[in-house]
Asks: 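Okay, here's the structure, questions in a sec.
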Number of protein chains: 2
Amino acid sequence: MATKQSGPIGRPRGFDTDEALERAMLVFWEQGYEGASLATLTGAMGISTTSMYAAFGNKEELFRKALERYTEGPSAYLARALDEPTAHRTATAILAGTIRTTTRPAHPRGCLGVQGALATGDSAQAVRDLLAAWRNDGCVRLRDRFRRAVDEGELPPETDPGLLSRYVTTLAFGIAVQAAGGVGRDELQEMADAALRNWPL
Amino acid sequence: MATKQSGPIGRPRGFDTDEALERAMLVFWEQGYEGASLATLTGAMGISTTSMYAAFGNKEELFRKALERYTEGPSAYLARALDEPTAHRTATAILAGTIRTTTRPAHPRGCLGVQGALATGDSAQAVRDLLAAWRNDGCVRLRDRFRRAVDEGELPPETDPGLLSRYVTTLAFGIAVQAAGGVGRDELQEMADAALRNWPL
DNA sequence: CCTCTTCCGCATCGGTCGCTACAGAAGTGC
DNA sequence: GCACTTCTGTAGCGACCGATGCGGAAGAGG
């Protein structure tokens, strides 16, 4: 009957799980899934391999959780953009958010969802598929947003929401690749502005 | 004085260097630089590690040569596109060539220059930089082509060639990412057609 | 034939990979 | 104090990483 109000028994964890996951996410972001070794990861997390396995399972599970954290952290602009009042503002916010996130100083350049595991060996195919699904999910949610805009009469009825969302996500992924190579923020923003000057396509 | 007309002395090589390099390129294309192990590479090439080292130097040199082969093979559409008579046809040819190459059945999906080493560990940074320079070179050559079109009066004098080339290459890299995730050829081509419908931007 | 040069198959190098067994430390509840 | 549960540091697992040493095989030139 007594509600369990006391903490879990046993020795409490000696590190902050959220902070360790944040650091792991940064390593995956910069070096990719295959490029990030456990030694590098645990070194950045400040814990031993034993603690990492006890807290996160294994490397692949750690990556999955790092991707979730990325989605709700650096990539949260996507969810916010979908709430913009118009489709045009949604597209603008997505590209601006992508550019800001992929070119932020003191953060890894590029996008974890793009460069985390774009091409991998056999042992990392599950992670590659996970990221492909992650990217596709973003495209689908954007398509639904544009479809709503068509239904509400904001966009012309002959507009193809899938085509439009594919266009915006293609630009976003391309921006991520450019940013990973060191292309500057201002140049990308000018290009994005020009790309959305005529809308919808 | 006598011109050396006889072949090199010693035991001749027992395999075709070009074909072995072609197979190595395909492995790098599909699995990336870090994901492609020497065992996988030499297995696909049909030679032993000893022969690979004797013929190509090491893994990094093998990748450099595979990238050259990729540039002159699957990515040769870029050079051809730059010779198109108009800037618009150049842009159209680049996107069409990108889509065809990144979605070709029986070939790895995506683009070696994008997914070969987009994010890597420390030991592969040189390859990452090499690919970033490769991508930037494509953008620069395209910019020069557009600049010529401005000089020749084909494009309005207020056109920014750098902006335009950044736009086209961003679309191309985004297409490569989409293709790596399994997006179909027709859908990408429809999007590319729509993206270039208003030109120049 | 012999000699010379190069190539190739086998074995293996030290290092690192992801991962785990074990024992002791450090907390909780009684 | 005690028993119990959980976490952590060390040490090491087998497997694979990229890269080599070595000796014999194989062809070219004489």
Side-chain angles (χ1 to χ4, degrees), chain A residues 1-21 24 27-28 31-66 116-117 120-128, chain B residues 2-21 24 27-28 31-66 116-117 120-127:
Chain A
M1 172 66 67
T3 59
K4 191 173 185 185
Q5 55 189 4
S6 61
I9 58 177
R11 178 177 173 179
R13 189 166 281 141
F15 60 95
D16 186 333
T17 308
D18 282 342
E19 187 174 332
L21 186 56
V27 173
F28 280 130
Q31 308 199 350
Y33 177 74
E34 286 179 325
S37 71
L38 277 195
T40 304
L41 286 164
T42 54
M45 297 165 87
I47 62 178
S48 66
T49 62
T50 313
S51 299
M52 194 284 285
Y53 275 87
F56 300 101
N58 57 21
K59 187 185 179 184
E60 185 175 326
E61 281 300 313
L62 177 63
F63 184 86
R64 295 184 117 89
K65 282 156 186 160
T120 68
D122 298 335
S123 64
Q125 270 195 358
V127 176
R128 173 159 43 158
Chain B
T3 59
K4 192 173 185 182
Q5 55 189 6
S6 61
I9 58 178
R11 178 177 173 180
R13 191 166 280 140
F15 61 94
D16 186 333
T17 309
D18 282 342
E19 187 175 331
L21 185 56
V27 174
F28 279 132
Q31 310 200 349
Y33 178 75
E34 285 178 326
S37 71
L38 277 196
T40 304
L41 285 165
T42 54
M45 298 164 85
I47 62 178
S48 66
T49 63
T50 313
S51 300
M52 194 284 286
Y53 275 89
F56 300 101
N58 58 21
K59 187 184 179 183
E60 186 175 325
E61 282 299 312
L62 177 63
F63 184 85
R64 297 184 117 89
K65 283 155 186 161
T120 69
D122 298 336
S123 63
Q125 270 194 356
V127 177

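Everything quoted here is computed from the prediction, not taken from an experiment. Numbers restart at 1 for each chain; the letters A, B, ... are given by sequence-line order, proteins then strands.
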Asks: Run B/Glu34 and A/Tyr33 through side chain to side chain contact (heavy atoms under 4.5 Å, CB included) and show every step you take.
Replies: CA-CA 10 Å; B/Glu34 285 178 326; A/Tyr33 177 74; over 6 Å; no
Asks: For A/Ala124, which contact category applies under a 4.0 Å heavy-atom criterion: base, sugar-phosphate, or nothing?
Replies: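 Contact class for A/Ala124: none.
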Asks: Let me know the distance between CG of A/Asp122 and C1' of C/dG18, rounded to the nearest Å.
Replies: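 For the pair A/Asp122 CG and C/dG18 C1', the rounded distance is 16 Å.
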Asks: In this structure, how many angstroms lie between the P atom of D/dC2 and the CD1 atom of A/Ile9, rounded?
Replies: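 Taking CD1 of A/Ile9 and P of D/dC2, I get 19 Å after rounding.
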Asks: Just to be sure I understand the geometry, which residues of residues 10-21 of chain A put a non-hydrogen atom under 4.0 Å away from DNA chain C?
Replies: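 Those residues are A/Gly10, A/Arg11, A/Pro12.
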Asks: Find out whether A/Leu21 and A/Leu62 are in side-chain contact, i.e. whether some heavy atom of one side chain is under 4.5 Å from a heavy atom of the other.
Replies: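 Sidechains of A/Leu62 and A/Leu21: in contact.
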Asks: Is any side-chain N or O of A/Ser48 under 3.5 Å from a base N or O of D/dT10, one able to act as donor and the other as acceptor?
Replies: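 No, no donor-acceptor pair under 3.5 Å.
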Asks: Round to the nearest Å and state the distance from A/Glu34 atom CD to D/dC17 atom P.
Replies: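 Going from A/Glu34 (CD) to D/dC17 (P), I get 11 Å.
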Asks: Any side-chain N or O of B/Tyr53 less than 4.0 Å from the OP1 or OP2 oxygen of D/dA19?
Replies: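 Result: yes.
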Asks: NZ of A/Lys59 versus P of D/dA15: gap in Å, rounded?
Replies: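 So the NZ-P distance, A/Lys59 to D/dA15, works out to 19 Å.
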Asks: Take the protein atom CD of A/Glu60 and the nucleotide atom P of C/dC17, then report the distance between them rounded to whole Å.
Replies: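 So the CD-P distance, A/Glu60 to C/dC17, works out to 18 Å.
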Asks: Toward the 5' end of DNA chain C, which comes first, A/Leu38 or A/Thr50, by nearest nucleotide?
Replies: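 This one resolves to A/Leu38.
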Asks: Could you check whether any side-chain N or O of B/Thr40 sits under 3.5 Å from a backbone N or O of B/Ala36, counting only pairs where one atom can act as donor and the other as acceptor?
Replies: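 It does not hold such a pair.
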Asks: Could you go through the side chain to side chain contact (heavy atoms under 4.5 Å, CB included) check for A/Phe63 and A/Leu41 one step at a time?
Replies: CA-CA 11 Å; A/Phe63 184 86; A/Leu41 286 164; over 6 Å; no
Asks: Where is the tightest heavy-atom contact between B/Val127 and B/Ala117, given as atom of each residue plus distance?
Replies: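 B/Val127 and B/Ala117 have their closest heavy atoms at CG1-CB, 3.8 Å.
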Asks: Using whole Å, what does the distance between atom P of nucleotide D/dA19 and atom CE of B/Met52 come to?
Replies: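 Rounded to whole Å, this separation is 7 Å.
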Asks: Could you state the CZ-C1' distance from B/Phe63 to D/dG18, rounded to the nearest angstrom?
Replies: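 Rounding to the nearest Å, CZ of B/Phe63 and C1' of D/dG18 are 16 Å apart.
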Asks: Within this structure, what is the CD-to-P distance between A/Glu61 and C/dG18, rounded to whole angstrom?
Replies: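 Going from CD in A/Glu61 over to P in C/dG18 covers 16 Å.
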Asks: Using a 4.0 Å heavy-atom cut-off, does A/Ser51 contact any base of the nucleic acid, only the sugar-phosphate backbone, or nothing at all?
Replies: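 A/Ser51: backbone/sugar contact only, no base atoms under 4.0 Å.
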Asks: So which heavy atom on A/Arg13 is nearest to which on A/Ala54, and how close?
Replies: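 Shortest heavy-atom separation between A/Arg13 and A/Ala54 comes out as NH2-O, 4.3 Å.
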Asks: Do the side-chain N or O atoms of A/Ser37 get closer than 4.0 angstrom to the phosphate oxygens (OP1, OP2) of C/dT16?
Replies: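 Negative; the distance criterion is not met.
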Asks: Using 0.5 Å steps for rounding, measure from the CZ atom of A/Arg64 to the CZ atom of A/Phe56.
Replies: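 It comes to 15.0 Å.
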